[in-house]
There are 2 protein chains.
Amino acid sequence: MAGVEKGPDWDEICKEFEAYLERCGQRFTKQRQIVLKAVSFAGTHMDAEEILQQAKKIDSSIGFATVYRTLQLMTAGGILAELNFGGERRSFEVVGGGSEHHDHLICTDCGAFVEFFDSEVEELQERIAKKLGFTLTGHRMDLYGNCVRGENCPRRRKQ
Amino acid sequence: MAGVEKGPDWDEICKEFEAYLERCGQRFTKQRQIVLKAVSFAGTHMDAEEILQQAKKIDSSIGFATVYRTLQLMTAGGILAELNFGGERRSFEVVGGGSEHHDHLICTDCGAFVEFFDSEVEELQERIAKKLGFTLTGHRMDLYGNCVRGENCPRRRKQ
DNA sequence: TTCGCTGCAAAGGATTTGCATTCTA
DNA sequence: TAGAATGCAAATCCTTTGCAGCGAA
C-alpha cells in the first residue's frame with residue numbers, strides 16, 4: 001500500500017543520536033543538537049547549505065565545518081540518509097527516530113516531490129536480494145515521472 | 001525474474017547519439033565518438049576519470065573538459081544515466097543503444113556489484129506512480145546488502 | 001586538566017567555464 | 001567560411017582538513 005510517511009519524533013531521534021555518540025565516546029554538544037534540530041526541521045531532505053542556514057537561525061556562529069562534520073556523524077550513526085538525485089547536490093534526510101522508511105517519486109518537470117512507502121516493494125526487494133545471494137541491509141528507490149499538473153503546472157521547468 | 005543485463009549494441013548506440021546531436025544541431029565529432037566508445041567499453045559504470053583514461057588510449061590529446069561536456073550531452077540525450085552510490089564520486093553507465101534497463105545490488109562490505117532486471121519491480125513501480133498521480137518516465141533502484149562471501153570475502157573492507 | 005569540539009581559513013578534489021585555436025558542415 | 005567543438009588553464013563549487021582556542025567531563 002502506498003501511503004504517506006511518518007515524521008521523526010524529536011525526543012526519540014535525540015536519544016538515538018546521543019546513544020550513538022556515547023557508543024563512540026563522543027559528546028552530544030550544543031552544536032550537534034542544533035544541527036540535528038535543523039535537519040529535522042523541514043521534514044524533508046535538505047542540503048548542507050540549507051541545514052547551515054537553518055542552524056544559523058538558532059545560533060549564527062555555527063559554521064560549515066561543524067555542519068558537515070555533524071552530518072557525517074549522523075549518517076554514520078544511522079540518523080540520516082544521504083540522497084543524490086541526478087546531478088543535484090548531495091542532500092540528507094532523517095531516517096532515525098522512529099521515522100518510517102520511504103521511497104521517492106520526483107516530477108522531472110516541476111520538481112514536485114512525493115515520499116511514499118509500499119510494503120510490496122519492500123518484500124520484492126528482499127526476495128530479489130535473497131535470490132542473488134545477498135542479505136539485504138538497505139535500499140533506495142527513486143521514481144521519476146511527470147505529475148498530474150502537466151502543462152498547467154505553475155512550477156514547470158520546460159515546455 | 002531476476003537476470004543479467006544485455007550490453008548495448010555499438011552501431012545502435014552510435015546512431016542514437018548521432019540522431020540526438022542532429023536534433024540539437026550539434027556535431028558528431030571524432031572526440032564524441034571516442035568518449036562514447038570509452039564509456040561503452042567497460043560494460044559497466046565508470047566515473048569521469050576512468051572514461052578519460054579509456055579515451056586517452058584512443059587519442060591521448062583528449063582532455064577532461066571534452067569528456068565532461070560529452071558526458072553531459074549523452075546524459076541529456078538519454079544515452080547515459082548518471083549514478084551516485086552513497087558518497088562515491090559520480091559515475092555513468094550506458095542506458096541507450098538497446099541496452100536493457102537494470103537495477104543495482106551492491107555489497108556494502110566488499111563493493112561486489114550485481115546488475116539485475118526484475119519485471120515485477122517494473123510493474124509495481126508503474127502501479128505506484130499511477131496511484132500517486134504521476135506518469136512514470138524512469139526510475140532507479142539500488143539495493144544494498146552483504147554478499148554470500150561474508151567474512152571470507154577477499155575484498156572485504158571492514159571486519 | 002585533558003581531550004574532544006568548534007570556528008576560521010586554507011586546502012582539496014571534482015566539475016565547469018572562458019578563450020584562442022582548430023575543425024567540420 | 002561560419003559556427004561549433006576542442007584543449008588548456010583558470011575559475012567555481014562543494015567538502016574536508018589543520019590548527020589554535022574553547023568547553024565539557
Tell me which of B:F92 and A:Q26 sits closer to the 5' end of DNA chain C, going by the nucleotide each one is nearest to.
A:Q26
Where B:L36 and B:C14 come nearest, the two heavy atoms and their spacing:
CD2-CA, 4.0 Å
Regarding A:R32, tell me which of base, sugar-phosphate or nothing describes its non-hydrogen contacts under 4.0 Å with the strands shown.
sugar-phosphate
Between C:dT6 (C1') and A:L21 (CG): distance, integer Å:
15 Å
Round to the nearest Å and state the distance from B:I34 atom CD1 to D:dG7 atom C1'.
13 Å
For DNA chain D, which residues in residues 47-66 of chain B have a heavy atom at a distance below 4.0 Å?
B:S61, B:I62, B:G63, B:A65, B:T66
Can you check the A:R89 CZ to C:dT15 C1' distance for me, whole Å?
14 Å
Taking the side chain of B:R27 as heavy atoms from C-beta outward, which of D:dG3, C:dG4, C:dG18 is closest to it?
D:dG3
In whole angstrom, what separates B:Q72's CD from C:dA14's P?
18 Å
Considering all heavy atoms, the nearest A:G78-A:E16 contact
O-OE2, 4.1 Å
Given C:dT16, is OP1 or OP2 found less than 4.0 Å from the side-chain N or O atoms of B:R90?
yes
Within the side chain of A:R140, is there an N or O that forms a donor-acceptor pair under 3.5 Å with the backbone of A:N84?
yes
Between A:H45 and A:F85, what is the ring plane arrangement, given parallel below 30°, perpendicular above 60°, and tilted in between?
perpendicular
Can you identify which nucleotide, out of C:dT6, C:dT17, C:dT16, has its nearest atom closest to the B:R69 side chain?
C:dT17
Compare every heavy atom of A:R32 with every heavy atom of A:R27, then report the nearest pair and how far apart it is.
O-NH1, 2.8 Å
Between P on D:dA5 and CD on B:E22, what's the gap in Å once rounded to a whole number?
13 Å
In whole angstrom, give the distance that lies between atom CD of B:Q33 and atom C1' of D:dT6.
15 Å
A:F41 CZ: over 12 foreign heavy atoms closer than 6.0 Å:
no
Whole-Å distance between C:dT6 P and A:F28 CZ?
11 Å
Select from A:T29 and B:T29 the residue whose nearest nucleotide in DNA chain D is closer to the 5' end of that strand.
B:T29
Output the rounded distance in Å from CE (A:M74) to C1' (C:dC5).
15 Å
Any side-chain N or O of B:Q31 less than 4.0 Å from the OP1 or OP2 oxygen of D:dG7?
yes
Tell me if a side-chain donor or acceptor on B:T137 pairs with a main-chain N or O of A:Y144 at a distance below 3.5 Å.
yes
